[in-house]
Amino acid sequence: MKVRIKIGDFKNRVSVTCADGKAVVEGNEYTLPEKFFAKSNPDPSIKYALRLFHLHTEREAEEILKTLPDEISEHLKIIKVGRNFDGVGLDRFWIVKEEFDNQDECEEWRDSILKKSDFEYRKRISIEGGIYKLYPDIPATSVVIADQNDNHLLSGKNVEIVSPSGMEITDAPVGESFHWEHTENLRFLGKLYFMPGENGVLVVNEIPLEEYLASVNSSEMSAEAPIEFLKAQTIAARSTVIATMDCHHHGEPYDLCNGDHCQCYYGSGRTEERSLQAAEMTDGIILIHDSKVCDTRYAKICGGITEKFHHVWENYNPGCLPSKFDGEGDKPEYKNWNEYINDKPDCYCNPEKYPYPDYFDYARPWFRWEIDCEVGKLSQIIEERTGENIGRIQDIKIRTSGESGRITGLEITGSKDSVEVNGELNIRRVLSESHLPSSCFYTTFEDDKIVFHGAGWGHGVGMCQMGALNMAVMGFDYRRILAHYYPHTQYYNINHKINTL
Ligand SMILES: [Zn+2]
Ligand SMILES: [Zn+2]
């Protein structure tokens, strides 16, 4: 099973370095033949002609001609079009069928030939190691692949590059619209597809599901983690991929995106031996509940109690994602969420009770946290985010919360007006320059500052990654971990299509 992941929409051009490989270009120009031309025909003795392909180089045109069946190609010829002005111009090469007396004759030939041969236009070229540039043609209906010296090699509606030793994309976008947004050179295995996108060139990577999971594992957490944790993480990632494929990006030429929206994926360069091992050891295993694949979400630190699906996303409550205490026994009782946040329950993700391994030092501050912001500054952020000028903030009232204390609706009152803010992720975004770590918090006003006293990191639904990690450190196996976060589930192997123990 293979998955296609969107790597990015590149505005101008994409630069790809390959060690070796081949490029395949697909198009469907043949099945959508161009109109007829008469006046612009370079040979005035010919009245009508049919243009079948429009290309950038003569070599490209010759390559296409070779791929066509003889009974078609013998009637066709390559002509050069485009005008040069003082040596400056843009040559194009057309493959045409000429010698028609009228338009009807032309249409008749086109229809008969198209009915006869229903083949795809597909060309292959070998490319040597080196740097290639890909950019949108104008108008952006095809992508051009050029070598380092800007020589056009091929163009088409879909350019595919395969390089067995891997490929590297220069300056790929990472973490778009989050505070860690930057560009990075990313390495890929499998196939890379380049097609016309909304902004320029859309890049998609196709790799086997298991290789994808191994990279997600390393990108999401750390390959240094105990193997039982990595196995649990891989099964959760595999199940959620299978459950959400073709839903999040229905109708797009890819299954998943590579950001937080789906799962973080930064190419094969991020894959480590141990995460590959975890993928192999759990090959094909997913969790099912009620004969349905479980959408096994996970997040970094629940803070003590996990959240229910419908408080974060749409109104749907899969039985495999209950809200539960992330420790031994039942949920402790609290008078209110302030008391819960001030308390530090004895749960698996509490670093004071279950110390985090050194390589997760960066997560330690987010079990319980305090973030402050100057009132004027926050008022300004709220205006930028909501478009409402409510004046200087005077009060933040919580309207609705989920079962982990995560706020799902609140009202902010200012000196001029008030504004309602709803949705877990939206609340985190509106009240911070980047995003608050979670929406489980209460606020206090101290001098000219608003202080957020919070718990946890992320949406809190499903597996708590730091809790699961600590369970593995304590010696629990992946089954025990998964049963804790996703109760009442069964194992199923997608490769063998059987229920497994
Ligand atoms: Zn997505
Ligand atoms: Zn937890």
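Indexing begins at 1, ligand by ligand and atom by atom, following the structure's order.
- Enclosure of atom CG in D330 is not indicated, since only 12 or fewer non-hydrogen atoms of other residues, nucleotides or ligands lie within 6.0 angstrom.
- For the Zn ion (ligand 2), protein N, O or S atoms under 2.8 Å: 4 in total.
- Excluding waters, the count of protein N/O/S atoms less than 2.8 Å from the Zn ion (ligand 1) comes to 4.
- The distance between the ring centers of H484 and Y348 falls below 6.0 angstrom.
- In E446, the CD atom is crowded: over 12 heavy atoms of neighbouring residues, nucleotides or ligands sit closer than 6.0 Å.
- Between the side chains of Y254 and N205, not a single donor N or O lies within less than 3.5 Å of an accepting N or O.
- For NZ of K344, the number of neighbouring non-hydrogen atoms (other residues, nucleotides, ligands) closer than 6.0 Å is 12 at most.
- For Y442, the ring pair (Phe, Tyr, Trp, His ring centres under 6.0 Å) test picks out H453, with sequence neighbours left out.
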Given the rule in the salt bridge (Lys or Arg N to Asp or Glu O under 4.0 Å) test, do R274 and E224 qualify, once you have shown the distances and angles that lead to the verdict? CA-CA 8 Å; R274 279 166 56 78; E224 280 182 80; over 6 Å; no
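- Screening T271, L276, I5 for a side-chain contact (heavy atoms from CB on, under 4.5 Å) involving S215 leaves a single residue, T271.
- With sequence neighbours left out, E374 forms a salt bridge (Lys or Arg N to Asp or Glu O under 4.0 Å) with no residue at all.
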